Amino acid sequence: MKKEVTKKESKLLVFLYRTIPGRIILKALTSPIISKIGGVYMDSRISRIHILSFVKSNNIDMSDYKIENWPNFNEFFTRKLKAGKRVVDMSENVLASPCDGRLSAYRINEDSLFAIKNSYYSVERLIGSKELAKKFSGGFALVLRLCVDDYHRYGYACDGEIISQKYIPGRLHTVRPIALEKYPVFVENTRECTMIKTDNFGLMAQIEVGALMIGKIENYKSSGLVSKGEEKGRFRGHRFITNENEDYPF
C-alpha cells in the first residue's frame with residue numbers, strides 16, 4: 001500500500017510540474033490566497049481528525065515530543081520537544097543548526113551566485129538587497145530542507161543582534177527536486193529574511209522559505225538581542241496532504 005500511494009503522489013507532481021495543463025492548475029495551487037484558505041481549516045478544531053493518521057502514515061516517532069491535547073492540526077504540526085531532545089553546543093566557535101533538516105552547503109562565489117539543482121541563485125534576489133548581497137561574497141549558503149516528520153520550529157544559530165527583518169511575498173512551490181527543475185523556487189517562494197549582526201561570525205542572513213503545505217512563517221520578534229539555541233519561530237501548515245514519508249515531501 002505504501003508503494004502505491006507514493007507512486008500516485010509522484011505521478012501527481014509530474015503532472016503538475018511537467019505538463020501544460022498541470023502548470024495551469026499549479027499556478028492556482030501555489031498562490032498565497034489558496035494557502036490562506038487552507039490555513040483557516042488547519043487552525044480549526046475539526047482538523048484534529050487528521051493527527052493520528054498523519055502520525056501513522058509518516059511513521060513519526062512521537063517519543064521526542066510533548067504529548068498534548070492539541071486544539072487543531074497546526075498546533076500538533078508545530079508540537080514542542082521534550083526537554084533535552086535537541087542539545088546545543090554553546091562553544092563560541094560553533095555555529096548551531098537552526099533546525100532539523102537535510103543540509104546542503106554552497107560557496108558563494110565572487111559574482112554572488114550559487115547553484116541548487118538546475119537553478120542558479122543570486123544572494124541579491126534571495127535577500128532582496130543589492131548592497132547587502134555584496135557583504136556575503138566569499139561566504140557560504142547553508143540550505144536545510146525539512147521533511148514532513150521533522151520538528152517544525154527553528155532557532156538562532158548563534159548569539160547576536162537583529163538589525164533588520166523583511167517579509168518577501170511570493171508563491172508556495174514544493175521544494176522537491178521536480179520543482180527545482182522548472183522554477184527558481186528559493187527566490188519565488190514566500191520567505192522572511194532576518195539580518196543578524198552576530199558576535200562571532202560576522203553578518204548573517206537567516207532566511208525562512210515557505211513551501212507547498214507550509215505556507216506561514218511565524219517569527220516571534222523582529223529586533224533586539226538573540227541567543228544561540230533560542231527559539232526564533234515556527235512553520236505552520238496551510239494545506240493538508242498525507243504522504244508516505246517520501247524524501248523532500250514539500
Side-chain angles (χ1 to χ4, degrees), residues 42 54-55 58-66 73-91 94-106 114 116 121 126-127 136 139-160 162 165-168 170 172-177 179-180 185-187 189-196 198 200-201 203-222 226-238 243 245-250:
M42 300 305 285
F54 189 84
V55 171
N58 292 289
N59 299 313
I60 298 175
D61 181 2
M62 294 299 294
S63 64
D64 279 358
Y65 303 98
K66 295 179 181 179
F73 185 86
N74 260 336
E75 290 302 313
F76 155 75
F77 191 70
T78 56
R79 57 197 175 275
K80 297 178 180 179
L81 288 166
K82 291 179 180 177
K85 286 298 182 180
R86 298 292 184 276
V87 179
V88 176
D89 187 334
M90 299 304 291
S91 303
V94 173
L95 187 70
S97 174
C99 63
D100 288 356
R102 286 70 181 158
L103 174 65
S104 299
Y106 305 90
F114 57 96
I116 300 178
Y121 297 87
L126 278 170
I127 65 179
F136 293 98
F140 291 90
L142 306 177
V143 180
L144 288 117
R145 289 182 287 187
L146 280 68
C147 282
V148 69
D149 55 337
D150 283 324
Y151 179 54
H152 276 78
R153 294 173 183 255
Y154 48 88
Y156 293 99
C158 57
D159 297 336
I162 296 174
Q165 190 172 86
K166 182 179 182 180
Y167 172 75
I168 304 172
L172 291 167
H173 285 286
T174 174
V175 296
R176 291 180 62 184
L180 299 174
V185 169
F186 294 99
V187 293
N189 277 19
T190 295
R191 56 200 185 280
E192 194 154 311
C193 177
T194 305
M195 303 301 299
I196 303 171
T198 74
N200 301 297
F201 300 94
L203 184 66
M204 176 186 295
Q206 184 166 341
I207 307 169
E208 294 83 36
V209 181
L212 191 66
M213 298 188 292
I214 311 300
K216 186 172 183 180
I217 300 163
E218 185 179 323
N219 281 313
Y220 303 146
K221 60 184 181 182
S222 57
V226 299
S227 302
K228 182 194 290 189
E230 176 187 350
E231 189 170 298
K232 184 176 188 292
R234 59 180 177 168
F235 292 105
R236 294 171 68 82
H238 273 184
N243 73 39
N245 204 24
E246 294 182 84
D247 288 337
Y248 315 125
F250 304 140

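For the numbers below, each heavy atom of this structure counts, side chains included, while hydrogens, waters and symmetry mates do not. Values in this document were obtained by computation on a predicted structure and should not be read as measured data.
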Novice: Show the nearest heavy-atom pair for residues A105 and L142, with the distance to one decimal.
Specialist: CB-CD2, 3.7 Å
Novice: Taking all non-hydrogen atoms of both residues into account, name the closest pair between K66 and L81 and its distance.
Specialist: CE-O, 3.3 Å
Novice: How would you list, by chain and number, every residue that makes a side chain to side chain contact (heavy atoms under 4.5 Å, CB included) with S227, sequence neighbours excluded?
Specialist: D159, E230
Novice: Between K228 and D89 (side chain of the first, backbone of the second, donor and acceptor by atom type, cut-off under 3.5 Å), is there such a pair?
Specialist: yes
Novice: Mind checking salt bridge (Lys or Arg N to Asp or Glu O under 4.0 Å) for D100 and listing every partner two or more places apart, or none if nothing turns up?
Specialist: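 Scan of D100 (salt bridge (Lys or Arg N to Asp or Glu O under 4.0 Å), adjacent residues dropped) gives R86.
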Novice: Do F235 and F77 have ring centroids that are under 6.0 Å from one another?
Specialist: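 No - the distance between ring centres of F77 and F235 does not fall below the 6.0 Å cut-off.
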Novice: Please give me the minimum heavy-atom distance between T78 and R153, naming the atom from each residue.
Specialist: O-NE, 2.6 Å
Novice: Once ring pair (Phe, Tyr, Trp, His ring centres under 6.0 Å) is applied, do any residues pair with Y151, and if so which ones, sequence neighbours excluded?
Specialist: none
Novice: Measuring from S222:OG to I162:CD1, what's the distance to the nearest 0.5 Å?
Specialist: 7.0 Å
Novice: Please report the interatomic distance CZ(F54) to CZ(F76), rounded to the nearest 0.5 Å.
Specialist: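 The CZ atom of F76 is 6.0 Å from CZ of F54, to the nearest 0.5 Å.
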Novice: Nearest 0.5 Å please: distance from the CE atom of M204 over to the CD1 atom of I196.
Specialist: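 It comes to 6.5 Å.
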Novice: Which residues satisfy the salt bridge (Lys or Arg N to Asp or Glu O under 4.0 Å) test with K80, sequence neighbours excluded?
Specialist: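 Partners of K80 by the salt bridge (Lys or Arg N to Asp or Glu O under 4.0 Å) criterion come out as none, since no residue qualifies.
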Novice: Please examine the side chains of N219 and Q206, heavy atoms only from C-beta on, and report whether any two atoms are closer than 4.5 Å.
Specialist: no
Novice: Going by salt bridge (Lys or Arg N to Asp or Glu O under 4.0 Å), name the residues that satisfy it together with K166, two or more places apart in sequence or in a different chain.
Specialist: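 Listed in chain order: nothing, the list is empty.
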Novice: To check you understand the geometry: which heavy-atom pair defines the closest contact between G229 and V88, and what is its length?
Specialist: CA-CG2, 4.1 Å
Novice: So which atom in R145 and which in D150 form the shortest heavy-atom distance, rounded to 0.1 Å?
Specialist: O-OD2, 4.4 Å
Novice: For residues Y167 and I217, determine if any side-chain heavy atom of one lies less than 4.5 Å from a side-chain heavy atom of the other.
Specialist: no
Novice: Judged by atom type as modelled, is there a donor-acceptor pair below 3.5 Å linking the side chain of K82 to the main-chain atoms of S63?
Specialist: yes
Novice: Taking F201's backbone N and O only, do any of them form a donor-acceptor pair with T198's side chain (distance below 3.5 Å, no angle check)?
Specialist: yes
Novice: If we ignore hydrogens and angles and just use 3.5 Å, is the side chain of E192 paired with the main-chain N or O of E218 as donor and acceptor?
Specialist: no
Novice: Measure the CG-OH distance between L146 and Y154 for me, rounded to the nearest 0.5 Å.
Specialist: 10.5 Å
Novice: Can you list the residues that meet the salt bridge (Lys or Arg N to Asp or Glu O under 4.0 Å) rule with E75, with sequence neighbours excluded?
Specialist: R234, R236
Novice: Can you see which heavy atom on R79 is nearest to which on D149, and at what distance?
Specialist: NH2-O, 3.8 Å
Novice: If you measure from OG on S97 to CG on L144, what distance do you get to the nearest 0.5 Å?
Specialist: 5.0 Å
